[in-house]
Amino acid sequence: MKVTEHFAKANGKTLVSFEVLPPLKGGSMQAIFDTLDSLMEFNPPFIDVTYHREEYIYKIRPSGYYEKTAIRKRPGTVGICAAIMHRYKVDAVPHLICGGFSKDETENALIDLNFLGINNVLALRGDARRFEDRFIPHEQGHTYAVDLVRQIANMNEGQYLDPDIVNGEKTDFCIGVAGYPEKHFEAPNFETDLYYTKMKVEAGAHYIVTQMFFDNRKYFEYVEACRRVGIHVPIVPGLKPITKRYQLTTIPRKFFVSLPQELVQAIMKAPNEEAVRQIGIEWCVQQSLELKAAGVPCLHYYTMGDAETIKEIVKRVGV
Ligand code: FAD
């Protein structure tokens, strides 16, 4: 079933969903099953699986020289999606990015997904690779997520890249895209970012999932701004609890989001790491309860390998 069909079926009830990361190369599928086994009691209708493009690393050679090598540390997104659907009978949402893909490779990946019966996809641009100062698209690939959305929407109309394909099978992908309550870090301002987000919806995106945020006002204001400019698709809040003191600096640096002073002060005063975790859990529970009371379609939790914490939160939120 499509993500938007799950929202429609829920009839106003707030759903809960999770995002998981593929294990590091060499790891086992069991790590994903261990995470999800403990979260299945909450009946998530869908599970997102992130996509990780290759990264550059520097390896030291016996000669003493460094060699720049491209490796994919977390492959397996499509296989994990198929395994999740098979084992849990829930829908899987693979993330698909522009970075590293030619349009042809994207088309082939979408054909694989279609043949596997996966009809949801979160369409993203992806970030710059490590050691690159900006996002560089594949020479034959897409520069922005909106271009990827257009390609998927075209396939939903039976239009493939090869114009000689007539009467091509129409895929039926439900397309999600990313949204940024605190604006995307590269955007010159909030309104411009909103303009491009609207473009993604006009190109065929069916719903938006937000970047994490720690102040619900940011989400509510974002939804209001989206509605004001004519974006009327469901907007799913993305949530992540703080569980470690060092995240006070790593989360803003990695995700370009701010942390409310009240939360920061409480964490700074916490006597130990367990107290930090409890403060983070409490904060996320309160965020979730308020969002649920406001009738959001779904609470989407970024598990980031910490199923135990997410389980504690969702249990208390009671979805
Ligand atoms: P876009 O929508 O293309 O926007 C990128 C920037 O370009 C923005 O500043 C936007 O304002 C601007 N822009 C957009 N369109 C245009 C245009 N036509 N002309 C000029 N400017 C434009 N990354 C991964 O690598 N793998 C994942 O699995 C993954 N999952 C994610 C899940 C969620 C819910 C979120 C919020 C992010 C995720 N990311 C993931 C990170 C994402 O790839 C980065 O945030 C990336 O920098 C932007 O992706 P986007 O799809 O929002 O890009």
Side-chain angles (χ1 to χ4, degrees), residues 3 17-22 46-55 72-78 80-81 92-101 106 109 113 120-130 132-138 141-152 175-213 218-219 222 225-226 229 231 233-240 251-257 296-305:
V3 165
S17 63
F18 305 109
E19 179 186 288
V20 295
L21 273 68
F46 60 92
I47 306 288
D48 276 51
V49 184
T50 55
Y51 187 92
H52 301 260
R53 71 179 296 191
E54 83 286 0
E55 284 176 33
R72 270 193 74 199
K73 286 187 178 169
R74 294 181 185 271
T77 301
V78 176
I80 292 171
C81 284
V93 184
H95 292 191
L96 195 59
I97 63 171
C98 304
F101 280 86
T106 297
L113 296 177
N120 290 290
V121 62
L122 194 75
L124 301 146
R125 186 195 70 178
D127 280 319
R129 280 183 292 193
R130 236 154 43 111
E132 285 179 349
D133 65 350
R134 67 196 157 84
F135 174 79
I136 301 170
H138 186 287
H142 297 303
T143 306
Y144 295 110
V146 65
D147 307 315
L148 175 56
V149 172
R150 281 198 193 103
Q151 182 173 9
I152 306 169
I175 310 166
V177 289
Y180 302 85
E182 297 183 62
K183 97 169 180 66
H184 184 260
F185 71 101
E186 290 168 24
N189 57 46
F190 181 79
E191 291 299 326
T192 311
D193 199 30
L194 211 53
Y195 169 82
Y196 289 125
T197 304
K198 188 177 179 201
M199 216 186 237
K200 292 193 274 194
V201 173
E202 286 170 348
H206 300 104
Y207 70 101
I208 294 170
V209 184
T210 76
Q211 181 58 280
M212 65 183 74
F213 55 89
K218 306 248 185 238
Y219 169 83
Y222 179 67
C226 284
V229 300
I231 298 172
V233 295
I235 301 176
V236 175
L239 294 165
K240 146 113 191 88
I251 286 183
R253 192 166 68 229
K254 271 189 173 164
F255 301 101
F256 304 94
V257 296
V296 300
C298 184
L299 297 166
H300 185 69
Y301 293 96
Y302 300 116
T303 64
M304 295 187 178

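The figures that follow rest on heavy atoms only: side chains count, while hydrogens, waters and symmetry mates do not. Start at 1 with the first residue, then count along the sequence. Numbering of ligands and ligand atoms starts at 1, following listing order.
Contacts between T50 and ligand 1 below 4.0 angstrom, taking non-hydrogen atoms only, involve backbone and side chain alike. With a 4.0 Å cut-off on non-hydrogen atoms, R125 touches ligand 1 through its backbone as well as its side chain. Under 4.0 Å from ligand 1, the heavy atoms of K200 that appear belong solely to its side chain. Heavy atoms of F255 found under 4.0 angstrom from ligand 1: none, in either backbone or side chain. Contact annotation: for V177 versus ligand 1, there are no heavy atoms closer than 4.0 Å. When heavy-atom distances to ligand 1 are checked against a 4.0 Å cut-off, F135 has no atom that comes that close, whether in backbone or side chain. Contact annotation for Y196 and ligand 1: only side-chain heavy atoms (C-beta onward) come within less than 4.0 Å of the ligand.
Nearest protein neighbour of atom 38 (C) of ligand 1, counting heavy atoms only, is L124 CD2, 3.7 Å. Among protein heavy atoms, the minimum distance from atom 35 (C) of ligand 1 is reached at A178 CB, 3.8 Å. At the shortest separation from atom 41 (C) of ligand 1 among protein heavy atoms lies D127 OD2, 4.0 Å. Looking from atom 26 (N) of ligand 1 to the surrounding protein, the closest heavy atom is Y51 O, 2.7 Å. From the protein, the heavy atom lying nearest to atom 3 (O) of ligand 1 is A145 N, 2.9 Å.
Residue contacts with ligand 1: Q211 is placed with no nitrogen or oxygen under 3.5 Å of a nitrogen or oxygen of the ligand (distance criterion only). In terms of polar-atom proximity, defined here as any N/O pair under 3.5 Å, H184 does make such a contact with ligand 1. Residue T192 places no N or O, backbone or side chain, under 3.5 Å from any N or O of ligand 1. Checked against a 3.5 angstrom limit, the closest N/O atoms of D193 and ligand 1 fall inside it. Residue Y180 has at least one N or O atom closer than 3.5 Å to an N or O atom of ligand 1. Not one N or O of L122 is nearer than 3.5 Å to an N or O of ligand 1, by distance alone. For G126, a nitrogen or oxygen atom sits less than 3.5 Å from a nitrogen or oxygen atom of ligand 1, counting backbone and side chain alike.
Scanning for side chain to side chain donor-acceptor pair (under 3.5 Å) contacts around Y222 gives an empty result, with sequence neighbours left out. By the ring-ring contact (aromatic ring centres under 6.0 Å, His included) test, F46 pairs with no residue at all, sequence neighbours left out.
Expressed to the nearest 0.5 Å, how far CD1 of I97 lies from OH of Y51 amounts to 6.0 Å. Put simply, CE on M304 and CE on M212 are 4.0 Å apart, with the number rounded to the nearest 0.5 Å. In this structure, OG1 on T50 lies 7.5 Å from CZ on R74, to the nearest 0.5 angstrom.
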For this session: Using the side chain to side chain contact (heavy atoms under 4.5 Å, CB included) rule, take Y207 and V201 through it: C-alpha gap first, then chi angles, then the decisive distance, then the call.
Result: CA-CA 8 Å; Y207 70 101; V201 173; over 6 Å; no
For this session: Run the numbers on F255 and Y302 for ring pair (Phe, Tyr, Trp, His ring centres under 6.0 Å), then give the verdict.
Result: CA-CA 13 Å; F255 301 101; Y302 300 116; 7.8 Å; no
Exercise. What do the steps show when you test R53 against R129 for side chain to side chain contact (heavy atoms under 4.5 Å, CB included), and what is the final call?
Worked result: CA-CA 8 Å; R53 71 179 296 191; R129 280 183 292 193; 3.5 Å; yes
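For CZ of F185, the number of neighbouring non-hydrogen atoms (other residues, nucleotides, ligands) closer than 6.0 Å is greater than 12.
Scanning all heavy atoms of the two residues, the minimum distance from P297 to P234 falls at CG-CB, 4.2 Å.
The shortest side-chain heavy-atom distance between D147 and C98 does not fall under the 4.5 Å cut-off. Annotation: side chain of V233 is in contact with side chain of I231 (closest heavy-atom distance under 4.5 Å).
Remark: ligand 1 atoms within the under-4.0 Å shell around heavy atoms of I97 are 24 (C), 25 (O), 26 (N). Within ligand 1, counting atoms from 1 as listed, the ones closer than 4.0 Å to a heavy atom of Y302 are 34 (C).
Distances from atom 18 (N) of ligand 1 to the heavy atoms of Y144, F256, F190, F185 show the closest one on Y144.
Taking a distance limit of 4.0 Å, we find that atom 30 (N) of ligand 1 is approached by some protein heavy atom.
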